[in-house]
Number of protein chains: 2
Amino acid sequence: MSAVRRRSAQAEARAESQRERILDAAQKCFVEQGFHGASMAAIAETADMSAGLMYRYFESKNAIMLAIIARELEGKRAKIEELYTDADFPAKVLEKFRLWQTGSAGVMNAALFLEMSAEATRAPEMARAIRTSDTLTRTDFERWLRRGREEGGLGLPEDVARARGVLMQCVIEGLVVRAARDPEFDAEILGEALEPLFRLMGFESPAPP
Amino acid sequence: MSAVRRRSAQAEARAESQRERILDAAQKCFVEQGFHGASMAAIAETADMSAGLMYRYFESKNAIMLAIIARELEGKRAKIEELYTDADFPAKVLEKFRLWQTGSAGVMNAALFLEMSAEATRAPEMARAIRTSDTLTRTDFERWLRRGREEGGLGLPEDVARARGVLMQCVIEGLVVRAARDPEFDAEILGEALEPLFRLMGFESPAPP
DNA sequence: CCAGCAAGAATGAACGCTCATTCATTTTCT
DNA sequence: AGAAAATGAATGAGCGTTCATTCTTGCTGG
C-alpha cells in the first residue's frame with residue numbers, strides 16, 4: 001500500500017508538471033495570437049504533445065483560459081505586493097513598467113492583461129475571477145494609505161483612502177496599457193512626472209529608520 | 001450627363017449609408033462578442049441584410065474591423081478635444097468616465113478599446129492606426145501644457161510637458177480600463193482624488209475672464 | 001530474474017460544426 | 001429592358017472535441 005501511495009504521488013506530480021507545460025504553451029500562444037486566435041492544435045504543438053492529450057488534463061479550451069487567468073492574477077498580486085514592502089515606490093513602478101514592455105517571463109503579460117479585460121466584459125466566469133483579484137489589490141492599496149502615522153503612513157480617512165486606492169489602480173492599469181501599446185517608449189521619461197504624482201497620492205517610501 | 005452625374009452621386013450617398021449601417025451593426029456585435037467571436041452572419045443579421053451584400057461594401061471582415069477602429073479613434077480624438085476647449089477639466093473627465101461605463105452611442109466604447117489594444121499587439125495594420133491616433137492625442141496634451149502664461153497656461157518646458165502628456169494618457173486609459181471592468185463603480189468617488197491630481201499635472205480650467 | 005500483463009499515458013485520424021467568402025440567381029430600381 | 005442591388009445556398013478551410021488504437025511502465029507469479 002505504501003508502494004501504491006508512492007506511485008500515485010509520483011503520478012500526481014507528473015500530472016501537475018504536464019498541466020504546467022500546457023499552461024506555459026497556452027500562455028505563449030494566447031499572447032501571440034489571442035484567446036480566440038490560438039487553436040488547440042497550436043497550443044499542443046507548442047507544448048510538444050498531441051491535441052488529444054490535453055483533454056486528459058483540462059476539460060476544455062475554456063478551462064485552460066481560466067487557469068491561465070488565475071495564474072496571471074496570482075502573479076500580478078504578488079508583484080504588486082512587492083511594490084510596498086520595500087523602498088522607493090516610483091522607482092519600483094518604473095521597473096515593473098519596463099518588465100511589462102518586454103513581456104518578461106513570470107510577469108503579468110500586458111497584452112494578456114488587455115485580452116483578459118476585454119474578455120471579462122462578456123464572459124461572466126472571467127469577470128468574476130478578475131473582480132476578485134481586483135478587489136484584493138485595491139484593498140491592499142487602501143490599507144497602505146490608511147496606515148497610522150506611527151507606522152510611517154498618513155493615516156488617511158476611509159473615504160479619501162478609497163478614492164486614492166482606485167485612482168492608483170487606474171494609474172497602474174494605464175501604465176500597463178501604455179506598455180502594451182508602446183514597447184519602445186523610454187520609461188525614464190515617465191519617472192520625473194510619476195514621482196510627484198505618487199507623493200501627492202500618499203504612496204511614498206517608508207520613512208528611513 | 002447631368003442625369004448620370006446626379007444618379008452616381010445619389011448612388012454614392014446610398015452606398016455610404018449602407019457602409020455606415022454595416023459599421024453600426026459590426027460595432028454592436030464586436031462589443032457584445034469580440035472581434036473574433038462576432039461572425040459575419042451575426043453582423044449581417046444585425047444590419048438587416050444578407051451576408052453576401054456586405055462584401056459589396058467591404059472587402060473582408062478585417063476591412064470592417066479596420067474601418068471600425070478608424071471611426072472609433074476619430075471619435076475619441078474629438079471627445080478628448082472637448083476636454084480642453086471648455087471649463088472644468090476634472091468634471092469633464094468624470095463625465096466621460098460615466099459615458100464609458102454605460103457604453104453610450106457615439107462614445108468610444110471601453111470594451112472595444114481593450115479589444116483594439118490587445119489586437120494591435122499582433123496585427124501591424126491596427127497597431128499603425130492606433131499609434132497614429134495615439135501620437136495626435138499626446139501632441140494635443142503637450143501643446144496644452146506648453147501654452148504660454150499669457151494664454152492662461154503654465155508654459156511648461158518641453159521635456160516636462162512630454163512627461164506629463166504621456167502620464168495624462170496613462171491616467172485616461174486607466175480610467176477606460178476601470179470603466180470597462182466596473183460599470184457599477186460610482187464615478188463620484190474618483191472626483192475628489194482626480195481634482196488635485198490634474199491640478200498637479202497642470203491640467204486646469206482656463207482662468208476666468 | 002524475467003515473461004507476461006494490466007492500466008495509465010499518449011496518439012492522431014475522424015467528426016460535427018461554424019466560419020468567411022463566393023457566385024449563380026432573383027429583385028429592385030430607372 | 002438593362003443595370004445595379006441584394007440574396008442565400010454552396011464551398012472549403014479550420015475549429016474544438018472525441019475515441020479507437022498504440023505505446024510505455026512497472027508490478028506480478030513462477
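Treat the numbers as computed from the prediction; the structure is a model and nothing was measured. Keep in mind that the numbers below use all heavy atoms, side chains included, and drop hydrogens, waters and symmetry copies. Below, chains carry the letters A, B, ... as their sequence lines are ordered, and counting in each starts from 1.
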Nearest to the [X] side chain among [options], which nucleotide is it?
{"X": "A/Met40", "options": "C/dT11, D/dA6, D/dT17", "answer": "D/dT17"}
{"X": "A/Gln18", "options": "D/dT17, D/dC15, C/dA10", "answer": "C/dA10"}
{"X": "A/Ser60", "options": "C/dG12, C/dT21, D/dT17", "answer": "D/dT17"}
{"X": "A/Lys61", "options": "D/dT17, C/dT21, C/dA10", "answer": "D/dT17"}

Would you mind reading off the distance between [X] atom [atom1] and [N] atom [atom2], rounded to a whole angstrom?
{"X": "A/Arg56", "N": "C/dA10", "atom1": "CZ", "atom2": "P", "result": "7 Å"}
{"X": "B/Phe30", "N": "C/dA20", "atom1": "CZ", "atom2": "P", "result": "9 Å"}
{"X": "A/Asn62", "N": "D/dG16", "atom1": "CG", "atom2": "C1'", "result": "12 Å"}
{"X": "B/Arg14", "N": "D/dA4", "atom1": "CZ", "atom2": "P", "result": "15 Å"}
{"X": "B/Met54", "N": "C/dA20", "atom1": "CE", "atom2": "C1'", "result": "9 Å"}
{"X": "B/Glu16", "N": "D/dA5", "atom1": "CD", "atom2": "P", "result": "14 Å"}
{"X": "B/Glu45", "N": "D/dT7", "atom1": "CD", "atom2": "P", "result": "13 Å"}
{"X": "B/Ile22", "N": "C/dA20", "atom1": "CD1", "atom2": "C1'", "result": "15 Å"}

Subject >> First encountered from the 5' end of DNA chain D, between B/Ala51 and B/Ala15 >> reply: B/Ala15
Original post:
Start at the 5' end of DNA chain D and walk down; is the nucleotide closest to A/Leu53 or to A/Ala41 reached first?
Top reply: A/Ala41
**OP:** Examine distances only and state if a side-chain atom of A/Arg147 and a backbone atom of A/Trp144 form a donor-acceptor pair shorter than 3.5 Å.
**Re:**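 Pair found, side chain donor or acceptor close to backbone of A/Trp144.
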Original post:
Any side-chain heavy atom of B/Glu173 within less than 4.5 Å of one from B/Phe113?
Top reply: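 SC-SC contact between B/Glu173 and B/Phe113 confirmed.
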Original post:
Can you find a pair of side-chain heavy atoms, one from A/Phe89 and one from A/Val93, that are under 4.5 Å apart?
Top reply: yes
Original post:
Which part of the nucleic acid does B/Ala44 contact within heavy-atom distance under 4.0 Å: base, sugar-phosphate only, or nothing?
Top reply: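 Here B/Ala44 touches no strand at all.
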**OP:** Remember a base hit wins even if backbone is also touched, and classify B/Tyr57 as base, sugar-phosphate or nothing at under 4.0 Å, heavy atoms.
**Re:**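 Sugar-phosphate contact only - B/Tyr57 comes under 4.0 Å of backbone atoms but never of a base.
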Subject >> Salt bridge B/Glu192-A/Arg162, side-chain N to carboxylate O under 4.0 Å >> reply: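 Not counted as a salt bridge, because no side-chain N and carboxylate O are separated by less than 4.0 Å.
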**OP:** Determine whether the side chains of B/Arg21 and B/Gln18 contain a donor N or O and an acceptor N or O closer than 3.5 Å.
**Re:**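 Judged by distance alone, the side chains do pair up.
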